[in-house]
Amino acid sequence: DLTANGDSGLPAELSEKYTLTRTLGKGACGEVKLAFAKGSCDKFACKLISKKKFSVGGRTQMNLSSQVMGEVKILKALKHPCIIGIEDVIDTPDMLYIVLELVEGGELFDKIISIDKYSEETAKMLFYQMAVAIKYLHDQGITHRDLKPENILLASDELETLIKVTDFGLSKFVDAGSMMKTFCGTPSYLAPEILLTAGSGAYTKAIDCWSLGVILFIMLSGYPPFSDERKDMDLPKQIIGGHYSFPQQYWEDVSETAIDLMKKMMVVDPTKRLTFDQVLAHPWLQDEAMKEKANNLMYPEAESMGPPVAPAAKRKISDAASEAEKKRKT
Ligand SMILES: Cc1n[nH]c(N)c1-c1cccs1
């Protein structure tokens with residue numbers, strides 16, 4: 001959109017490198033627009049974050065802003081096939097622009113609505129990628145804090161596709177107002193300890209385990225484990241009490257092993273919840289065919305090279321090749 005004098009209203013640091021076009025959606029911290037890099041025309045998703053979110057009484061807290069920048073620097077260093085990559089960060093007095101990797105398969109949230117629910121086989125390979133991605137974040141000392149189907153993006157329209165986790169690590173910097181938004185919105189994915197401590201508790205990695213358990217529940221059934229549509233118990237009480245169930249009519253086609261994993265992820269006491277190492281070691285994920293499919297999506301270059309060859313075998317191949325070459329020359 002241009003103003004009357006043809007000015008995009010964007011800072012030169014951004015407009016000299018990128019052209020922003022249509023809105024792709026709304027992330028946790030702000031609007032996301034399709035961006036084209038000038039010159040290469042490579043496509044990106046540019047997140048526009050108003051710093052007013054980080055201000056108190058209209059004054060941007062510089063230390064907070066520099067903390068956010070510090071956080072973004074940490075996120076820039078992350079590199080995983082199932083984590084949305086950060087291409088560029090442009091910081092201005094009023095706005096923060098984060099240029100992110102673009103994926104075009106939409107959000108997991110919309111996909112579940114369009115297909116009702118996933119088969120157990122497909123849910124397993126999508127969930128496996130999420131668990132591997134969150135384990136990677138946790139190993140880097142980062143807790144996502146806001147895992148929900150809207151923050152799981154799909155690389156393509158295929159049912160079995162690469163997933164990308166987005167909107168991580170920044171939520172801890174949103175101000176009280178945004179924290180209120182956390183509590184104003186439907187807390188369907190929030191772990192009990194967040195509701196119990198009004199968000200002031202020490203968030204631990206365990207909150208990501210609870211949220212991912214909720215996501216798996218929805219992928220396999222098509223409906224959430226906790227809902228404000230229940231008339232007998234309000235939503236916070238359902239979550240804080242861990243009041244969820246697997247009624248036969250919706251769960252008859254789902255294995256007991258999958259249900260066992262969700263029960264061990266959605267434990268009210270965070271100290272008793274599975275770690276992501278334990279999630280990945282759970283029997284439901286000991287499925288080599290599923291892992292091969294997921295790994296081929298995460299590391300396609302490895303797939304095209306064929307199965308890995310042991311070093312000794314490599315030498316035999318090269319020795320045989322040089323022998324054959326000698327014979328050809330004689
Ligand atoms: C980030 C990112 N990379 N690729 C897409 N589609 C996004 C979006 C996030 C939120 C709305 S669109």
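For ligands, and for the atoms within them, numbers begin at 1 and follow the listed sequence. Just so it is clear, the structure is predicted and the values come from calculations on it, not from any experiment.
- The two atoms that bring Thr143 and Arg145 nearest to each other are O-NH1, 3.0 Å, heavy atoms only.
- The closest non-hydrogen atom to atom 9 (C) of ligand 1, taken over Leu154, Thr23, Leu153, Ile84, comes from Leu153.
- In summary, the atoms of ligand 1 found under 4.0 Å from a heavy atom of Leu100, numbered by their order in the structure, are 1 (C).
- Two rings, from Phe276 and Tyr136, have their centers 6.0 Å or more apart.
- Annotation: ring pair (Phe, Tyr, Trp, His ring centres under 6.0 Å) contacts of Tyr299 (sequence neighbours excluded): none.
- Using a 4.0 Å cut-off between charged nitrogen and carboxylate oxygen, Glu16 and Lys38 do not count as a salt-bridge pair.
- Under a 4.0 Å criterion applied to the non-hydrogen atoms of Glu101, ligand 1 contributes the atoms 2 (C), 3 (N), 4 (N).
- Close approach of ligand 1 to Leu24 is summarised as follows: ligand atoms under 4.0 Å from at least one heavy atom of the residue are 12 (S).
- Here is the list of ligand 1 atoms found below 4.0 Å of a heavy atom in Ala45: 1 (C), 2 (C), 3 (N), 4 (N), 7 (C).
- The residues Lys148 and Asp167 are annotated as not salt-bridged, no charged nitrogen and carboxylate oxygen being separated by less than 4.0 angstrom.
- Remark: ligand 1 atoms within the under-4.0 Å shell around heavy atoms of Leu102 are 3 (N), 4 (N).
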- For side-chain contact (heavy atoms from CB on, under 4.5 Å), just list the numbers for Leu34 and Lys43, CA-CA rounded to whole Å, side-chain angles, deciding distance to a tenth of an Å, and then say yes or no. CA-CA 7 Å; Leu34 179 60; Lys43 297 195 286 186; 4.3 Å; yes
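- Comparing Asn151, Ile86, Val32 against atom 10 (C) of ligand 1, the shortest heavy-atom distance belongs to Val32.
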